[in-house]
Protein chains: 2
Amino acid sequence: MRDAEQTRQLILSVASEEIRKSGFVATSLSTILSQCNISKGALYHHFANKLELGYAVFEEMFTPMFLSMWEPAVTQDDPIEGLIALFSSFADDVSCEDIICGCPLNNLCQEMANVDEGFRLRILAMQQKVNTLIAENLRRVSDQLRNDIDFSQVSYFIVSVFHGSSNLSKSTQNKALFETVMAELCRYINSLKR
Amino acid sequence: MRDAEQTRQLILSVASEEIRKSGFVATSLSTILSQCNISKGALYHHFANKLELGYAVFEEMFTPMFLSMWEPAVTQDDPIEGLIALFSSFADDVSCEDIICGCPLNNLCQEMANVDEGFRLRILAMQQKVNTLIAENLRRVSDQLRNDIDFSQVSYFIVSVFHGSSNLSKSTQNKALFETVMAELCRYINSLKR
DNA sequence: CTTTCAACAGACCGACCGGTCGGTTAAAAT
DNA sequence: ATTTTAACCGACCGGTCGGTCTGTTGAAAG
C-alpha cells in the first residue's frame, strides 16, 4: 500500500504542474495536498518546506524538460535546421493552454530570481547550460555560417526571442502572436548561414 | 494643508515604484501606506480596492512611461537609427537595479495576464499600441528597407527580444547579458536595411 | 459662528498562508 | 507475536493579507 517514492513523485508531479500554471508563490500547499489526496504531514515528511519542494520541482521536473527540448534540436547534424524545426513544430504543436502558462524557466526567472537566491542560482545555471548547448553546437558547424558570428551572443539572442514571445503571447491568450515571432526567429536563424 | 490630488499622486507614485520592484501581488497595501505615511482609510478613499489602484498605476504611470520610451525613437526621421540609439543608450544607461526589476509591462504581463482580465486587456492594448507604433514608422521608411519585411512581425520580434533579454538578465543580476543581447538586436535591426 | 462634507485615521474582521506537532497506522525486522 | 519506525494524518498556530466601518478633522460654504 504505502510507497514513499511514489508519493514523492506524485507530489512533484502535481506541484510542477501547479507551479507551471500559477507560479511558485501563488501555488498553495493546500491545493497540492487536495490534488494529491494526501495530508500536510505527508508532504512535510518528504520536503523540509515549500522552498525545498520548489527546488526539487525545478531540478527533477523542469530541468529534464528544458534539456529534452533544446538538446535534440542542436545536437543533430544540422543545428540550424534543428532549431528551425524546433521552433516551427513548437508553434504548430503548442496548445493554447501552454501559451497562457508560458515557459516555466522564464516564469520562475521573472518571479523568483529577485526573491530567492536558491532559485536564482538554479535558474542561472540552467540558462548558462542552455546557452552553452546552443553556442557550442553552432560553433561546431561554423564553417557553414557567417564568419562574424558571436556564438554566445547569438545563442542568448535566440533564447531571449523565445522567452520574450511566449511572454508577449500571454496577453492575447492565443498562439497567433507566438507563431508570428517564431516565423521571424526562423528567418533570423536562417540568416546565420553564409 | 489637505490636498486630495497630491495624496492621490503620492499613492500612485509609491505604488508604481513598489509594483515595479516587487510585482502587483507581492506589493502589500501596508507597505504603500507606511511609505506614504497615510492610513488605510486615506487609500480607500481614493481607490475602490487594490485592483483599481493597480489599474490606475498602469494607466497613469506605466503607460506614459512606455510611450515616452518608444515613441521618440521611432518617430524621428530615421526610425532604424532611432531604435539602435534607443537600445544602445538603454544598455549603457540602465542601472543594475533596473535590470533586476525588469520592464514593468513585461512583468505585469507575466504576473497578471492569466489572473485578471482587467490587467490582461490593458496590457494587450499597450502591446498593440507599441507594436503599431513601431510597425507604422518602419513602414514609413520602407523604401530604405528590404522589400520582404512583414512590419508587424518584425515589430513584435523586436519587442520580444527586448523583453526576453531583460527577463534573462534577472538571473545574472548585472547588465552584461542585457548589453550582449541588445548588441545583437542592433545588428538585427541594421539588417533590415536594404 | 455654525454647518457640512470631503479627506483621512485606525481598530477590527475573516480568509488564507506556510509551518508545527502529537498522534496513528502499516509494514518490515526480530 | 512483538517491536520498531518510516510514512502519514490533521488539528492547530502565528502572521499577513485585502477590505470594512465607525469615528475624527479640517476647511470651505452659508
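Just so we're on the same page: letters track the sequence lines, and every chain starts at 1.
- At the phosphate of dG10(C), neither OP1 nor OP2 sits under 4.0 Å from any side-chain N or O atom of Ser39(B).
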For nucleotides 15-21 of chain C, give me every protein contact, N/O to N/O, under 3.5 Å, one pair per line with atom names.
from	atom 1	to	atom 2	distance (Å)
dC17(C)	OP1	Ser28(A)	OG	3.3
dG18(C)	OP1	Thr27(A)	O	3.3
dG18(C)	OP1	Lys50(A)	NZ	2.9
dG18(C)	OP2	Leu29(A)	N	3.0
dG18(C)	N7	Lys40(A)	NZ	3.3
dG19(C)	OP2	Tyr44(A)	OH	2.6
dG19(C)	OP2	Lys50(A)	N	2.7
dG19(C)	O5'	Tyr44(A)	OH	3.2
dG19(C)	N7	Lys40(A)	NZ	3.0
dG19(C)	O6	Lys40(A)	NZ	3.0

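- Rounded to whole Å, the distance from CD1 on Ile38(A) to P on dA7(D) is 13 Å.
- Scanning for salt bridge (charged side-chain N to carboxylate O under 4.0 Å, His left out) contacts around Asp150(A) gives an empty result, with sequence neighbours left out.
- A donor-acceptor pair is defined here as one N or O able to donate and one able to accept, closer than 3.5 Å; such a pair exists between the side chain of Arg146(A) and the backbone of Ser191(A).
- Annotation: cation-pi geometry satisfied between Lys50(A) and Phe24(A) (NZ/CZ under 6.0 angstrom from ring centroid, within 45° of ring axis).
- Between Thr7(B) and dC8(C) there is a side-chain polar atom (N or O) within less than 4.0 angstrom of OP1 or OP2.
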Is there a salt bridge (charged side-chain N to carboxylate O under 4.0 Å, His left out) between Arg194(A) and Asp143(A) once you walk through the steps? CA-CA 8 Å; Arg194(A) 63 165 73 231; Asp143(A) 57 325; over 6 Å; no
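- Between His46(B) atom NE2 and dG19(D) atom P there is a gap of 17 Å when expressed in whole angstrom units.
- When atom types are taken as modelled, the side chain of Ser171(A) and the backbone of Cys109(B) share no donor-acceptor pair closer than 3.5 angstrom.
- The backbone N or O of Asp3(A) sits nowhere less than 3.5 Å from a side-chain atom of Arg8(A) that would complete a donor-acceptor pair.
- Taking all atoms of both residues into account, the shortest heavy-atom contact from Glu60(B) to Leu12(B) is OE1-CD1, 3.2 Å.
- Leu43(A) comes within 4.0 angstrom of no nucleic acid atom, judged by non-hydrogen atoms across all strands.
- Atom CD1 in Ile19(B) sits about 11 Å away from atom P in dG18(D), given to the nearest Å.
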Could you go through nucleotides 2-6 of chain C and list every protein N or O atom that sits under 3.5 Å from one of its N or O atoms, giving the distance for each pair?
none

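- Judged by distance alone, with hydrogens and angles left aside, the side-chain atoms of Ser169(A) form no donor-acceptor pair with the main-chain N or O of Ile99(A) at under 3.5 Å.
- In this structure, Ser166(B) contributes its side chain and His163(B) its backbone to a donor-acceptor pair below 3.5 Å.
- When the P atom of dG18(D) is taken as reference, atom CD1 of Ile11(B) falls 14 Å away, rounded to whole Å.
- Between the CG atom of Leu10(B) and the P atom of dC8(C) there is a distance of 10 Å, rounded to whole Å.
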